[in-house]
Amino acid sequence: MKTQVKVVVIGGGIAGCSTLYHLTQEGWTDVMLLERDELTSGTTWHSAAQVTNFGMNQTMVGLKSHSIALYKELADDPDYPINYHHGDGGIRLANTQAQMDGYRHFASMARGMDVHFEILDAEECARRHPLISTDNLVGGLWDPLDGDIDPAQLCQALARRARKAGAEVHRHTPVTALRQLKDDTWIVSTPKGEVHADIVVNACGYRVNEVGAMMGVHHPVMSMEHQYFITEEIPAIREAGHRMPLIRCPISDFYSRQEKFGLLVGFYEQGCRTWGMDGIDPHFVNDLCPDDLDRITDVLEGAFARMPALTEVGIKSVVNGPITYSIDGAPLVGPIPGKRNAFCIIGLRAGLGEGGGHGWLLAQQIVHGEACYDTWPLDPRRFTGHGNVELCALKAIEEYQNEFRFEFPHEHRPAGRPIKTTPLTPVLAAEGAHFTVVNGWERADYFMPKPEFKEEHGFRRSNVDDVIAEEIAAVHGAVGLAEVNGFTRYEITGADAEAFLDRMVCGRVPRRAGRVGLTYLLNHHGMIKAEATLARLPDSTRGQGRIWYGAAAAAEQHDMDWLQAHVGAGEDVQIRCLTNDMTILIVAGPKARAVMKAVSREDWSAEAFPWLSVREAFVGIAPAVVMAVSFSGELAYEIHVPNNQLYPAYMALRAAGKEHGMRLFGARAVESMRLEKDFLHWKSDLLTEFDPIETGLGRFVNWQKDDFVGRAALAARRDAGPVKRRVLMEVLCTDRVAHGGASLMQDGKVVGTVTSGAWGDRTGMNLAIAFVSPEALDAPMAVDLIGDEIPVRVLDKPPFDPEMTRLRG
Ligand SMILES: Cc1cc2nc3c(=O)[nH]c(=O)nc-3n(C[C@H](O)[C@H](O)[C@H](O)COP(=O)(O)OP(=O)(O)OC[C@H]3O[C@@H](n4cnc5c(N)ncnc54)[C@H](O)[C@@H]3O)c2cc1C
């Protein structure tokens with residue numbers, strides 16, 4: 001066993017084997033996998049091992065496509081063939097039109113990744129799967145490449161190829177301790193000795209937090225018990241003369257696939273159970289939990305009704321094993337928050353289907369710093385410390401109970417809520433707020449017209465649109481007040497703070513105290529990594545020489561990791577996170593200045609405090625930092641207030657706003673207004689897949705600077721010309737809006753992808769932002785919205801106040 005390697009991968013299930021193999025594929029062969037027992041002895045060996053292409057976003061679809069292509073190639077390898085039922089086909093069932101709309105949306109999204117799903121009616125579902133009944137069935141989504149694989153053979157094949165490329169695999173070698181050295185490398189302890197590794201990867205399945213604890217980390221992952229059984233032979237299957245497609249049923253929470261000439265049927269029962277929450281027996285190896293078919297009787301009835309043949313055969317065997325869930329159901333694949341040179345590939349609820357792709361994207365991140373797709377939906381830093389073990393249990397149960405029921409746009413399920421609140425949360429709730437969830441924070445989405453108001457979730461325009469329109473009308477016509485909690489806010493100080501930031505951003509750091517600027521951070525490939533509002537605070541009794549770095553709520557750990565990783569040895573830079581200490585109140589609308597005048601003795605005139613200014617002030621008696629910035633396109637002030645004085649500040653603003661017709665507004669109104677201004681959202685429209693020039697932000701790149709992170713790569717991209725172009729479009733229909741992922745079509749071909757969309761109430765326009773192939777811009781395009789191709793019109797400027805006169809007031 002080597003004592004020094006570049007990477008140690010801990011865990012030999014599908015996650016670890018795939019990571020190891022893909023590291024060698026990326027050219028890193030000085031890598032090692034350590035497995036406490038035999039390969040696949042955790043969850044992998046007993047997996048139902050279904051491999052689908054279906055995913056909720058393009059990153060997921062893309063990585064699953066990679067799995068499928070890789071597994072096919074492995075299966076066809078004459079030197080070491082493995083069993084893979086590739087292309088049996090699979091149907092996701094639906095019993096409501098809203099679900100069918102969802103499938104149409106996901107089909108549109110997948111088209112952009114060259115994945116082609118079909119939408120079927122109930123009869124066609126039954127024609128393709130002769131064992132299912134069409135009772136209470138509307139239709140389904142057909143995934144032609146669905147199938148299943150032998151999980152143990154798959155892992156052995158990956159390990160074999162990795163070994164051939166130079167990697168080491170050590171079985172019966174548990175990692176017992178991890179110690180990080182001053183240079184951020186790791187000492188990995190095992191009973192066979194220590195290994196010095198530059199980088200470690202946690203791929204430990206349900207033991208994720210045993211290894212997490214070795215590095216002082218709790219990962220937001222929980223295990224659930226999950227059961228399937230295998231039936232005896234079903235004569236109709238043999239008679240059918242073809243393999244049965246897979247079934248995934250959100251109506252009755254079960255799945256099935258063919259196993260020999262019987263069926264393997266798995267269940268997601270409501271009375272489900274967490275597993276290993278208080279520790280796992282060290283001898284639980286190659287093991288299962290006791291069968292518990294009583295627990296699944298509720299689901300069983302539904303499965304019997306859908307597949308009556310199940311009532312006529314016996315059960316051959318039962319498998320009940322632990323399966324892991326994260327708090328939003330998606331895996332955690334990427335850098336471990338707050339740790340250097342440490343990665344994870346954990347929380348895999350469908351690791352056999354996804355594992356090939358996750359290992360591929362993780363290896364790219366480790367070797368190149370970034371993957372070919374934006375991996376934010378998988379990024380472990382998307383949760384910011386609130387994923388404690390109790391919350392994990394609640395969310396894992398909820399995810400499990402809803403395994404095949406996707407969340408509709410703007411839907412947030414109730415388990416574990418609220419987890420992050422401010423002193424205003426109950427106040428806004430009493431005002432009728434309906435809350436969305438942003439990085440765990442309960443943020444007002446809109447204010448319900450009456451307490452019993454219930455939003456109709458779906459992919460079409462809904463009963464909430466009129467509510468949002470009224471909020472926007474108040475902001476546009478007079479003044480509105482909104483709380484923006486959880487906004488990422490760092491205070492950056494030190495003699496080298498300005499030089500450091502100047503190196504990090506591709507644009508300008510405000511030079512003068514009292515000024516604010518929007519700027520972008522690029523990765524080393526010249527692509528957009530982060531967006532920051534930099535505010536230069538004046539020296540005062542509240543602090544000296546500070547720069548505030550503001551970013552989206554979700555960016556809290558992501559941006560901190562990125563900044564900290566770039567502070568040079570000996571550089572005098574301190575970065576303090578104020579995110580949890582303060583909250584923003586936004587006053588927006590033509591009467592915003594009048595409200596500010598009424599609550600504060602400062603001079604708020606456009607001359608004394610123009611757009612892009614920042615100052616310290618009092619709002620009533622609450623100390624505040626006020627910025628003249630606007631995401632709505634209206635005259636607006638962002639008021640940053642310490643949480644312990646948030647309520648008095650709010651009360652002062654409410655009182656002052658009364659005579660001006662102030663109304664509360666929420667995040668949905670902001671979303672509509674920002675689209676009318678062509679303002680962008682981090683991780684909706686600002687992605688690592690595009691550079692700032694493609695994103696239409698070329699004016700934010702300061703080429704006069706000799707260097708900034710990503711400059712050389714961006715210069716090369718600039719010279720080569722854009723691969724894509726970001727556009728704002730009008731969607732020429734009124735009954736639905738575009739959602740992220742929808743495909744833009746031209747002559748039957750996909751030429752672009754929507755990143756966000758909303759109805760613009762001030763302009764009466766249906767708007768969407770998309771990235772499009774430049775050559776497609778010269779001819780008409782249409783967007784595939786829930787199955788219909790709707791013409792679009794590219795706009796050459798924002799439709800609302802393009803001269804920016806309103807926000808200057
Ligand atoms: C009943 C059931 C059915 C399923 N069906 C499907 C399906 O149809 N399709 C699908 O895609 N997914 C399915 N899954 C989920 C899938 O099986 C898992 O997502 C996947 O196997 C997880 O792989 P892993 O590598 O992350 O974890 P594991 O397979 O658990 O591997 C982790 C490895 O880490 C090792 N390890 C732990 N601690 C240490 C240590 N300290 N040192 C060294 N090694 C260590 C363990 O021994 C283990 O081998 C199913 C799961 C269950 C339970």
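Atoms within each ligand, like the ligands themselves, are counted from 1 in listed order.
With Arg405 contributing its side chain and Pro250 its backbone, the two residues share a donor-acceptor pair below 3.5 Å.
With respect to the salt-bridge test (charged N to carboxylate O, under 4.0 angstrom), the residues Lys395 and Glu399 do not qualify. A salt bridge is absent between Asp143 and Arg248; no separation between the charged side-chain nitrogens and carboxylate oxygens falls under 4.0 Å. Salt bridge status for Arg257 with Asp146: absent, with no side-chain N to carboxylate O gap under 4.0 Å.
For the 3.5 Å distance criterion, the side chains of Tyr325 and Glu398 fail to qualify, holding no donor opposite an acceptor.
Sorted by chain and number, the residues within 4.0 Å of ligand 1 by heavy atom are Ile10, Gly11, Gly12, Gly13, Ile14, Ala15, Leu34, Glu35, Arg36, Ser41, Gly42, Thr43, Thr44, His46, Ser47, Ala48, Ala49, Gln50, Pro174, Val175, Ala203, Cys204, Gly205, Arg207, Val211, His226, Tyr228, Tyr255, Gly321, Pro322, Ile323, Leu348, Arg349, Ala350, Gly351, Leu352, Gly353.
The side chain to side chain contact (heavy atoms under 4.5 Å, CB included) search around Pro290 returns none, not counting sequence neighbours.
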